[in-house]
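We use all heavy atoms of the structure for the numbers below, so side chains are in, but hydrogens, waters and symmetry mates are not.
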Amino acid sequence: MKLRLLVILAFFLLPGINVFCQEKSEENYMFVYKNDKRPMFDGDMSLKKMNIWVESHLKYPKKLKKAGIQGRVTLNFTITKDGELTDVKVLRGVNPLFDAEAIRVIKTTAGHWTGGFDAFTGKPADVTYTYPVIFRLKPPVKPSNF
């Protein structure tokens, strides 16, 4: 009887454990916020505009580009209830040159934010984001055979 109970419990618990152990890919972004209405970047709550902004303003450090080095810098920053960008810091760095460039490009988003609201009180609230800045070299273009 105890063995059956143990087998039944294992049947239900093991799939759940697997979900928590899965590693996120580089393409996934994790946004941590404590409210229903997130801050907006240039009027966009989904942050697609922010992703485009970061990609277009990111400068690949020449030394690392020449060496063929790639990586992902994970940053943490806060958007205050007034829409100000504060507390930009590296959570997980790759190289000091990448880390500095990631901080620089995120700081260029200042002035484009509007604050969010707490879901429970409806009052303006500070929101903390965890955001990866990805440095990826583009493959060389192969000449066509025409």
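Under the ring-ring contact (aromatic ring centres under 6.0 Å, His included) criterion, the residue pairs touching residues 62-85 are Phe77-Tyr129, with sequence neighbours excluded. Sorted by first then second residue, the ring-ring contact (aromatic ring centres under 6.0 Å, His included) pairs that include residues 92-112, not counting sequence neighbours, are Phe41-His112, Trp53-His112, Tyr60-Phe98, Phe98-Phe135.
Considering CG of Asp126 and CG of Asp82, their distance stands at 8.0 Å, rounded to 0.5 Å. One finds the CE atom of Met50 at 4.5 Å from the CH2 atom of Trp113 (value rounded to the nearest 0.5 Å). Rounded to the nearest 0.5 angstrom, Arg136 CZ and Glu55 CD are separated by 9.0 Å. Here Ile79 contributes atom CD1 and Leu85 contributes atom CG; the two are 4.5 Å apart, rounded to the nearest 0.5 Å.
Taking every heavy atom of both residues into account, Leu137 and Gly68 meet most closely at CD1-CA, 3.5 Å. A pairwise comparison of heavy atoms in Asn95 and Leu97 identifies OD1-N, 2.8 Å as the closest pair. Closest heavy-atom contact between Asp99 and Gly93: OD1-CA, 3.2 Å. Between Asp42 and Lys49 the shortest heavy-atom distance is O-NZ, 3.1 Å. Considering every non-hydrogen atom in both Ile134 and Leu58, the closest pair reads O-CD2, 3.7 Å.
In terms of modelled atom types and a separation under 3.5 Å, the side chain of Thr121 and the main chain of Lys123 share a donor-acceptor contact.
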Evaluate the side chain to side chain contact (heavy atoms under 4.5 Å, CB included) criterion for residues Leu91 and Leu75: first the C-alpha distance (whole Å), next the side-chain angles of each, then the deciding distance (0.1 Å), finally the verdict. CA-CA 5 Å; Leu91 290 181; Leu75 297 178; over 6 Å; no
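Checked against salt bridge (Lys or Arg N to Asp or Glu O under 4.0 Å), Arg104 has the following partners two or more places apart in sequence or in another chain: Glu101.
The side chain to side chain donor-acceptor pair (under 3.5 Å) test with Tyr131 singles out one residue from Thr109, Asn76, Thr74, Asn51, and that residue is Asn51.
Between Val127 and Thr78, the closest side-chain pair of non-hydrogen atoms is not below 4.5 Å.
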